[in-house]
There are 2 protein chains.
Amino acid sequence: MSIEEKQKPQRNDRVTIRTVATHAGVSVAAVSKVMRNAYGVSDALRARVTDAIEALAYRPSRAARGLRGRSFTIGVLLIDIRNPFLPEVIAGVNGVLAPSHYQAMIGVSDARVQLETSLIESMIDYKMDGLILVAPRLPSEILAKFAVQIPIVAVGYHDASATAFDTVNADDQRGAEIAVEALLACGYRDIEMLSLGERQGHAVSVVRQREIGFRRAMQRGGLGSSPAISKIPIASPKREEAMRKFLSRKDRPRAVFCWSDLDAITLLSLAMEMGVRVPEDLAVIGYDNSPTAALGLVNLASIDQSGRELGQVATRALISRIEGRTASEHIFQIPSLVSRNSLTRSGNSTDRQ
Amino acid sequence: MSIEEKQKPQRNDRVTIRTVATHAGVSVAAVSKVMRNAYGVSDALRARVTDAIEALAYRPSRAARGLRGRSFTIGVLLIDIRNPFLPEVIAGVNGVLAPSHYQAMIGVSDARVQLETSLIESMIDYKMDGLILVAPRLPSEILAKFAVQIPIVAVGYHDASATAFDTVNADDQRGAEIAVEALLACGYRDIEMLSLGERQGHAVSVVRQREIGFRRAMQRGGLGSSPAISKIPIASPKREEAMRKFLSRKDRPRAVFCWSDLDAITLLSLAMEMGVRVPEDLAVIGYDNSPTAALGLVNLASIDQSGRELGQVATRALISRIEGRTASEHIFQIPSLVSRNSLTRSGNSTDRQ
DNA sequence: GACGAGTTGTAGAACGTTCTCCATATAACG
DNA sequence: CGTTATATGGAGAACGTTCTACAACTCGTC
């Protein structure tokens, strides 16, 4: 136990695998084996090596690891850090990763395809062990091409036919159905959906899925074969303009289902401003159950897709893929309704105003 | 220009620096020089090499780079991804980095010192070129120890005496002063601050700075030598409880300055619930000017510290440090007030209720 | 036309791991 | 006691860059 001084006169101060090896009196390869807990290591050897690692506070260089083998890092790609739903996903990922020896590194693509591509490439170049892409913008063929080089799990990306990578989703069709069913149960018949403007999102996007679910539930409720869906632009001046126009429409519906809380909350603000009472004049139901929706001031009913669970499930799927699974998996979570005052006065909170 | 086939029979399909070199008919070292635009490269050589890089769609391996030299990556450490102020900082960082050949990788520490340490170590082990720590929890001595190994810029961390690393801050003392001055200008005299519970944050934290500024402005305004500061716990059941107690206090002040929008917004919700009118019974001013504060439903006056600018400034500082600066810099931004209805009816939005 | 000063390109040793053999020691079995 | 399996440890070649030293070549300049 003489942890006196390094025996060989090393002038470099970094503790490498070699330092550990000489300190423990074993070979470099042995230390490597212990760390990766590979086959063919006796308990005695393992003990000696772990003691040395402890004593020297040795940390393997991630860069060097990546050059040859595993880097024990997984990359997470976020489309947008502003959406309050995404932090939940991260929390889920970190939760699963914490007890393992993996770590997450996050990149933010800001919804730009260019940046998204280059971040994915960077993560590959870092020899990361796997990727979790949250609501990626890239088409499925491109993702499949990347998936050849690195295990990929896509979250919030509906392509159940993908064979090269896994997907993890809340069932967005079902979520929209639940919203419509809730509105119907409150007695509303004149229902419209506020969806996302044309150019955003291809067929695989969550928005389109919610539209499909909306249509199906409306038809099933006997409310016409082509229920009304309004498209709201995403950029800021036009967005509010479109909502104001909607609110002041003569034939404004009695209830509205918004594709996302972000839109629903802005709608609530504008409604208050324009004297449209919620829910007396207009019932509103959002999607995501973001923390803001839960505020007493806002009190927005919303569909809850547990971001945390999505993150957890995606991480487990990724790890199993890293460890050898090749058949693709496509996992669905079932979302649920959180009722609040914007749906009906008997929501679950006290009255406003 | 015969980009026919690879000349040598390489069975490995990865394009490495060697592939580029043979394709361009030059040495490996030459290619490396061109990429790092190092000294001693003729225009002719540079052209040949860049052509080859283009033709082969070559991307240098980040892992290999990190092993020997620069990795052209900077690490960003976030204390908490839920705080809506942080995404702005990221946006600022990415904005500055986009045109350069650097890229950002983000880690989330969830305010756990343990995780914060291990993430910093990981980033060092990746041989990242520099670190931006946003509101780190670790004490200054520890940061200084890390700063020996890697350039560090701390954002939202008040330690102007640090010599080993840089700091970039909004002037939180001044921000609190501005808040108090605004309340005074509206004629309020009975002012209290809602701050963060005891155990959170050491002397260098932004919260303590805001307390200092609050006290100074109150004294300057002739409102006693030890103005009232209430501490609100951070965890959820106790937090609301403390706020309710505050709101129902007999000697409740006429105006309140909250250390953060997160607290101010919850306070507004509870006030509405308990029938305390804002601003007639209680004026409220927050800190951060988060997107939620700007909502018509919330309409919270707040101190704006441009997170985006903080991110930009921090990134520039980091790059200059990476490129050789050794003297430490401590940069201050001046925050500003955004007036809204929670401060006075003449805020800037339409009336509520 | 020899000599230094610059300029441009190259060879080859790091960097710190992993991982594929290979050598040895021990156990198992007839 | 030989033969064969099995378990354990080690040597040394990758991995894909950077970077130091140095060679070769081109100019002036004396």
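Sequence lines set the chain letters: A, B, ... in the order given, protein chains first and strands last, and positions in each chain run from 1.
Distance from the side chain of A:Ala30 is smallest for D:dG10 among the nucleotides D:dG10, C:dT18, D:dT18. Taking every side-chain heavy atom of A:Arg14 into account, C:dG16 is the closest of C:dG16, C:dT18, D:dT17. Of the listed nucleotides (D:dT18, D:dG9, C:dT17), C:dT17 has the atom at the smallest distance from the side chain of A:Ser61.
At least one side-chain nitrogen or oxygen of B:Ser42 sits closer than 4.0 Å to the OP1 or OP2 atom of C:dG9. Distances shown here put a side-chain N or O of B:Ser27 below 4.0 Å from the OP1 or OP2 atom of C:dT10.
The nearest whole Å value for the distance from the NZ atom in A:Lys33 to the P atom in D:dG9 is 8 Å. The distance between atom CZ of B:Arg68 and atom C1' of C:dT17, rounded to the nearest whole Å, is 15 Å. Protein atom OH of A:Tyr39 is 8 Å distant from nucleotide atom P of D:dT6, rounded to whole Å. Taking atom CZ of residue B:Arg18 and atom P of nucleotide C:dG12, one finds them 12 Å apart after rounding to whole Å. Between the CZ atom of A:Arg65 and the P atom of D:dA14 there is a distance of 22 Å, given to the nearest Å. Nucleotide D:dG16 holds its C1' atom 6 Å from the CG atom of A:Leu67, rounded to whole Å. Nucleotide D:dA7 holds its P atom 15 Å from the CZ atom of A:Arg46, rounded to whole Å. Distance CG (B:Asp129) to P (D:dT17): 16 Å, rounded to an integer number of Å.
Across all strands shown, B:Tyr58 has heavy atoms under 4.0 Å from sugar-phosphate atoms exclusively, and none from any base. Using a 4.0 Å heavy-atom criterion, one finds that A:Ala29 contacts the bases of the nucleic acid, with or without backbone contacts as well. Looking at heavy-atom distances under 4.0 Å, B:Ser32 makes contact with a base. Here A:Arg70 lies out of heavy-atom contact (under 4.0 Å) with every strand.
Within the 4.5 Å cutoff, the side chain of A:Arg316 has heavy atoms near those of the A:Val96 side chain. Looking at B:Phe72 and B:Ser100, their side chains never come closer than 4.5 Å, going by heavy atoms from C-beta outward.
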Passes side chain to side chain donor-acceptor pair (under 3.5 Å), B:Ser122 versus A:Arg62? Steps please.
CA-CA 7 Å; B:Ser122 270; A:Arg62 241 130 165 138; 3.2 Å; yes
Determine, stepwise, if the pair B:Arg325 / B:Asp166 fulfils salt bridge (Lys or Arg N to Asp or Glu O under 4.0 Å).
CA-CA 11 Å; B:Arg325 175 172 56 80; B:Asp166 302 331; 2.7 Å; yes
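Summarising the local packing, CD of B:Glu329 is surrounded by more than 12 heavy atoms from other residues, nucleotides or ligands at distances under 6.0 Å.
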